[in-house]
Student: 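Structure incoming, see below.
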Amino acid sequence: MALRVYNTLSGEKELFVPLIPGKAGMYVCGVTVYDYCHIGHARAGVVFDIIYRYLKYAGYDVTYVRNYTDIDDKIINRANQEGTDYRTIADRYIQAFDEDMARLGLAKPTVEPKATDHIDGIIRIIEALIAKGHAYVSDGDVYYAVETFPDYLKLSGRNLDEMQAGARVEVGDKKRHPMDFALWKGSKPGEPWWQSPWGNGRPGWHIECSAMSMEFLGKTFDIHGGGKDLVFPHHENEIAQSEGANGCQFVRYWLHNGFVNINAEKMSKSLGNFFTIREVLKKFDPETLRFFILSAHYRSPLDFSDQNLDEAQSGLERIYSCLAALDVVLNGTNPAAEIAVIENLSPVGLELQEKIEQFIPRFVEAMDDDFNAALALGVLFEMVRCTNRFLAETKETTPLSLSLVAHVRHLFSEAGGVLGLFTSSPAAWLEGLKTAKAGHIDMSPDEIERLIAERSAARAARNFKRGDEIRDLLLAQGIQLLDSAQGTTWNVK
RNA sequence: GGCGCGUUAUCCAAGAGGCUAGGAGCCGGUCUGCAAAACCGUUAACGUCGGUUCGAAUCCGACACGCGCCUCCA
């Protein structure tokens, strides 16, 4: 049983062997803070959150670094549009990012550095690159000379000649080679700047990640993550910078998450077909969004639509309903999960017992296989079905049934801790879902209650015709009635 | 133009040669005055054409369709 991860560099799943036994260093490219995050950011955040959680669960001492890119053309443009400074914009959207990610239940990384706090480190790397002949100064800018780095494009599996055939590369007159990229940009009037040996200016986009990862994780570390779209040029350039400057391997395992699609097309700022996390969370609860993201493998494309979110919500509701039923049985007690006697178990009880024993091994097997959360969820659902069956046939609780139920509950908490799910109290989550749905109807709760009372009276008088009329009336409003021995309640369909 | 990925039942989705994935839905059952909800059960698939193999959704080849990267992107 060992963790295997898909490494973009090799194009294969590889056994995960950390640089230092028992430890894992992980760097994930965060966001450029110039606008609210969209659900593509949510996916990247959730994906690497469960990778982080699973590495910890697997026993590694993990150092997780996720940066904020807080200086960039887009931030400056936004500041100019609003007539303010870059810092105001960056700080505003850093805060927004933190709020969004907290709502999605992301665990805090070990460090969340900002590019602008690492200008010194950035300058040191650029100096080293110049000294080694990998970079050159040109009219206040500094560029990386890609032809001096033979391994350039090894991550994306291209070559320089083919890239040029793409013909979308502009040949700047400051560059020696059209593919050379900026490490340092001389500041234009009105732009923020920092002092450097090459004059006042600011860092290029790629260099900050080389500087910050080296600062917190060293010259070589285990995992570097980000969206697929960062493979080229961002991560390719990071390799050129870090390996060019340090002369040793930069990253051992490159992990890239797939995109969120809208109607099978990539969702992106440039296409304008994106939804912000905030918009989505007005309609769906954060855990539903997280569950949806986890329902596909992290490298696969994920098609976003209301229908798919609805389905995710139904699935999550199924699990929470089961957990709520477990909590009712447990009724606040916390019996030992150890099973003392397993004679007397019915076939269904024996099956549950078997599922319980297999649960963690199967869960771990799924997650060990390149963090296959979708498969892991399948294991959870099998447990739900088996548990429901057991609860349905168990009329009275016994110490044995209680211990089985408690064991199941513990397992869901354990798996939920890795997936970042089931953190709410099941009853509260289900109630919250009902309340949220109730916000979408026109009828007031008082009016509904009045009609329910009238219907109950009619039914008591065996006037089922009138009772059914009221039921149909409410249903037309999207309100469905739930009759039970305790009376009638309602929810929104 | 170059490089790469994908195509699994009504929909979403896992699956790296022989083992019921799973979810949503449909349908059937339990429950109910009848329903609904809930629960249980059940159904069905591997883009096309070839090849390798005792055996292919899975490996190889061709084709078709879709998508991504090559420009800022998660």
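Quick note on labels: first sequence line is chain A, next is B, and so on, each numbered from 1. In this text the structure is predicted, and so the values were computed from the model without any measurement.
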Student: Please give the nucleotide sitting opposite B:C19 as a Watson-Crick or G-U wobble pair, both distances under 3.5 Å, or none.
Tutor: none

Student: Without decimals, in angstroms, what is the distance between A:Lys465 NZ and B:G33 C1'?
Tutor: 16 Å

Student: Given that A:Lys13 and A:Leu482 both sit by RNA chain B, which one's nearest nucleotide is further toward the 5' end?
Tutor: A:Lys13

Student: Kindly state whether the ring of A:His206 and the ring of A:His235 have centres lying under 6.0 angstrom apart.
Tutor: no

Student: Is there a donor and acceptor pair closer than 3.5 Å between the side chain of A:Arg43 and the base of B:A74?
Tutor: no

Student: Mind listing the side-chain donor-acceptor pairs of residues 303-312 of chain A below 3.5 Å, one per line with the distance, residues two or more places apart or on another chain?
Tutor:
residue: A:Asp303; atom: OD1; partner: A:Ala264; partner atom: N; Å: 2.9
residue: A:Ser305; atom: OG; partner: A:Asn308; partner atom: N; Å: 3.1
residue: A:Ser305; atom: OG; partner: A:Asn308; partner atom: ND2; Å: 3.4
residue: A:Asp306; atom: OD2; partner: A:Lys283; partner atom: NZ; Å: 2.4
residue: A:Asn308; atom: ND2; partner: A:Asp303; partner atom: O; Å: 2.9

Student: Indicate the ring-plane relationship of A:Phe422 and A:Phe412, choosing parallel, tilted or perpendicular according to the 30° and 60° boundaries.
Tutor: perpendicular

Student: Heavy atoms under 4.0 Å, any strand shown: does A:His256 hit a base, just sugar-phosphate, or nothing?
Tutor: nothing

Student: OG1 of A:Thr116 to CG of A:Asp70: how many Å apart, nearest 0.5 Å?
Tutor: 3.5 Å

Student: Without decimals, in angstroms, what is the distance between A:Asp306 CG and B:C11 C1'?
Tutor: 15 Å

Student: Pick base, sugar-phosphate or nothing for A:Asn388, based on heavy-atom distances below 4.0 Å to the nucleic acid.
Tutor: sugar-phosphate

Student: Of all the choices, B:A37, B:A74, B:G33, which nucleotide is nearest to the side chain of A:Asp468 once you look at every atom?
Tutor: B:G33

Student: Between A:Trp429 and A:Lys434, is there a cation-pi geometry (under 6.0 Å to ring centre, at most 45° from the normal)?
Tutor: no

Student: What's A:Asn372 touching, base or sugar-phosphate or nothing? Going by heavy atoms closer than 4.0 Å.
Tutor: sugar-phosphate

Student: Round to the nearest Å and state the distance from A:Asp35 atom CG to B:A74 atom P.
Tutor: 11 Å

Student: Can you find an N or O donor on one side and an acceptor on the other, under 3.5 Å apart, linking the side chain of A:Asp483 with the base of B:A35?
Tutor: yes

Student: Nearest-Å distance, OH (A:Tyr68) to P (B:A74)?
Tutor: 14 Å

Student: Output one line per pair: protein atom, nucleotide atom from nucleotides 22-27 of chain B, and distance, for all N/O pairs under 3.5 Å.
Tutor:
residue: B:G23; atom: N2; partner: A:Glu311; partner atom: OE1; Å: 2.8

Student: Need one value for A:Leu230: base, sugar-phosphate or nothing, where a base atom within 4.0 Å counts as base even if backbone is also close, heavy atoms only.
Tutor: sugar-phosphate

Student: Describe the nucleic acid contact of A:Met267 in one word from base, sugar-phosphate, nothing, applying a heavy-atom distance below 4.0 Å.
Tutor: base

Student: Categorize A:Phe259 for me: base, sugar-phosphate, or nothing, with a 4.0 angstrom heavy-atom threshold over every strand shown.
Tutor: base

Student: Check every strand shown and say whether A:Ser300 touches a base, only sugar-phosphate, or nothing at a heavy-atom separation below 4.0 Å.
Tutor: sugar-phosphate

Student: Give the rounded distance in Å between these two atoms: CD of A:Glu351 and P of B:C40.
Tutor: 11 Å

Student: Among B:C34, B:A14, B:C72, which nucleotide sits nearest the side chain of A:Lys74?
Tutor: B:C72

Student: Between atom NE2 in A:His297 and atom P in B:G6, what is the gap in whole Å?
Tutor: 12 Å

Student: Strictly by Watson-Crick or wobble contacts shorter than 3.5 Å, is anything paired with B:A24, and which nucleotide is it?
Tutor: B:U10

Student: Compute the centroid of each ring, for A:Tyr68 and then for A:Phe97, and state whether the two points are separated by less than 6.0 Å.
Tutor: yes

Student: Go through the steps to decide whether A:Ile39 and A:Met267 satisfy the test side-chain contact (heavy atoms from CB on, under 4.5 Å), and finish with yes or no.
Tutor: CA-CA 9 Å; A:Ile39 48 180; A:Met267 184 187 75; 3.4 Å; yes

Student: For A:Val28, which contact category applies under a 4.0 Å heavy-atom criterion: base, sugar-phosphate, or nothing?
Tutor: nothing

Student: Ignoring hydrogens and angles, tell me if any N or O in the side chain of A:Thr69 forms a donor-acceptor pair with the backbone of A:Thr32 under 3.5 Å.
Tutor: no

Student: Need the pair for B:C67. Rule: Watson-Crick or G-U wobble, both distances under 3.5 Å, any strand; none if unpaired.
Tutor: B:G4

Student: Who is the Watson-Crick or G-U wobble partner of B:U48, with both distances under 3.5 Å?
Tutor: B:A62

Student: Can you tell me how the ring of A:Tyr152 sits relative to the ring of A:Phe149, calling it parallel under 30°, perpendicular over 60° and tilted otherwise?
Tutor: perpendicular

Student: Which part of the nucleic acid, if any, lies within reach of A:Gly30 when heavy atoms closer than 4.0 Å are counted: base, sugar-phosphate only, or nothing?
Tutor: sugar-phosphate

Student: Strictly by Watson-Crick or wobble contacts shorter than 3.5 Å, is anything paired with B:C72, and which nucleotide is it?
Tutor: none

Student: Using whole Å, report how far NZ of A:Lys228 lies from P of B:G68.
Tutor: 13 Å

Student: Rounded to the nearest Å, what distance is computed from the NZ atom of residue A:Lys154 to the C1' atom of nucleotide B:C3?
Tutor: 18 Å

